[in-house]
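Protein chains get the first letters and strands the later ones, always in sequence-line order, with residue 1 at the start of each. Heavy-atom basis, side chains included; hydrogens, waters and symmetry copies ignored.
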Amino acid sequence: MNIAAMNNVVYGYDGVPVIHNVSLRIESGEFIAVSGPNGAAKSTLLRLLLGLVKPWSGEVSYAPDFNRKAIGYLPQQAASFNSGFPSKVIELVRSGCYPKLGLFRRFGAEQHALVEWSLRRAGMWEYRSRKIGGLSGGQKQKACIARVMAQQPDLVVLDEPVTGMDAGSRLQFYQWMRDYVSADARRTVLMVTHGLDEARPYLDRVIRLEGKEEDCQCFTSNSCSAPFGQEVLLH
Amino acid sequence: MLHFEFMQRAFWAGGLIALIAPILGVFLVLRRQSLMADTLSHVSMAGVALGSVLHMSPVLAGFLFAVIGGIAIEQLRRSYRAYSEVPVAIIMTSGLALAMVLMSMKSNLSKSFSSYLFGSIVAVNPLQLMIIAAVTAGGLIFFAVFRRHLYTLTFDEETAAVGGVQVKLLTFAFAVMSGLIVAAAMPIVGVLLVSALIVLPSAFALRFAGGFLQACILAVCAGLTGVFGGLTASYYTDTPPGGTIALTLLLILLAGIAVQKVGQRRRQRHLGEAVRAVPSASRQVMSTSYQEEETNVS
């Protein structure tokens, strides 16, 4: 089932377009990686999809029955937050449940269970009472991932989620995302990554963004439109 | 001391402000806007001056200006994303300049202005007390109702936006709230020391608090102690109340830092000895290998 689509999207910075006419579709039940060299506008692609920036032209649309509050987002360098922020790890992860709870709904047993599940899968349960500012870079990253996952999003959007994580943690993380997508057909994970080689066995699809317009050819996939967003199907 | 009605009012006014200002301070400090309070108080003073020049209610004009100043800073913050202190500086200068020019238009104003600059908590009248009570109640409700959204927003605006927080609306409301609280606190400690009540307690709390709620509670406790302690001290030593309150808050902060430093050092020494006592085999292992690749292959 199609949950989101971008049609002929153009966007850029300071008058210079970095996204040229990209079209793509996000299906539910997929674990997708976005890859490409530095400056290929991978993060920008995510931000356009999330509606954090508006395209110059073209459109970003979501399926009518898709709940926009069921999107979880991990920004790039999520771990570079203000280290003086007075919060325990578990408090931060709990805040992942807030989008679905809104202002007043009670934080109940279901949420507590989700928080514990998320912390355990991220390998951060033992650190739950630590202050987030005192964690290492990789641990901060894991805490932020746990926060996103505690939300139980239908669409998980992650920008370089494994930054600072050791090899074992990275593979555990890919396996978690694989399990998460496989457990429910409505779920999708979309992540920007530079570690395509190690993530490949877990992925369903790779969206490759090429940095330079002139040497980009578009040679695959139903949903790609030249000259920018080529997709490679990996099944 | 409390048999004087003016001292009772001073305690009430100070106590009410000390309930709300430190909570605002926690958010301002975390948003890197700790000078916001100072700025808004300068702007508010310009409002007071304009109010008296135009024969409006100075109190009302002060509130209005503080709120407008808060919104203006919020707007400027969007255009100076990378330098969040610049908008604060711009508005602070503008506010002070405007206040100076307006004050010069009415020469008989300068005397009453010294009471705005340095505060006159012991001269709080019943109307001001009611205003302070209303602002404090409104502020507490605001922070309680939006606590989840504010936590998310303060941590990271973009994830908050994706999570369904109306970022623009909430920051707008926050700016309005800051303006109201600053304008209400101004008569108590004065324009120059508003930051003392807003920033010092949270600076204290942020050093100790393990969690977010704990930070807010600790800040309020520090604020209340500072205000009541400062008021009492100023009554018995006949010193200006605003300055005495600020100094008391500073003392609390310094004492906190000192206690923490000593505690830390003691803990470190203790842990250091504990680690040394462990047999060397179970200690952290450091090794250097230049042949990792080959070892793995074979």
Does atom [atom1] ([X]) have a neighbourhood of more than 12 heavy atoms from anything else shown, all under 6.0 Å?
X       : atom1 : result
R31(B)  : CZ    : yes
E198(A) : CD    : yes
R78(B)  : CZ    : yes
Y80(B)  : OH    : no
F172(B) : CZ    : no
Q260(B) : CD    : yes

For [X] versus [Y], what's the shortest heavy-atom pair and its separation?
X       : Y       : result
V145(B) : L103(A) : O-CD2, 3.5 Å
P99(A)  : G163(B) : CB-O, 3.4 Å
R106(A) : R148(B) : C-NH2, 4.3 Å
L206(B) : P86(A)  : CD2-CG, 3.4 Å

Most contacts with chain B, counted as non-hydrogen pairs under 4.5 angstrom, among R68(A), E91(A), K100(A): E91(A)

Residue selection (most heavy-atom pairs with chain B, distance under 4.5 Å) from N82(A), L50(A), V148(A):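 Most heavy-atom pairs under 4.5 Å with chain B: N82(A).
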
Heavy-atom distance under 4.5 Å to chain B: side chain of [X], backbone, both or neither?
X       : value
R47(A)  : side chain
I71(A)  : both
R94(A)  : neither
L101(A) : both

Contact listing (chain B partner; residues 115-127 of chain A; heavy atom under 4.5 Å): none

Any donor-acceptor pair under 3.5 Å from K131(A) side chain to A209(B) backbone: yes

Atom pair OG/CD of S87(A) and Q214(B) - distance to nearest 0.5 Å: 11.0 Å

Residue-level contacts of residues 150-160 of chain B with chain A, using a heavy-atom cutoff under 4.5 Å: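 When heavy atoms of chain A are the reference, residues 150-160 of chain B contributes Y151(B), T152(B), T154(B), F155(B), D156(B), E158(B), T159(B) within the under-4.5 Å range.
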
Residues of residues 220-229 of chain B contacting chain A, heavy-atom criterion under 4.5 Å, by residue number: none

Under the ring-ring contact (aromatic ring centres under 6.0 Å, His included) test, residues paired with Y73(A) that sit two or more places apart: none

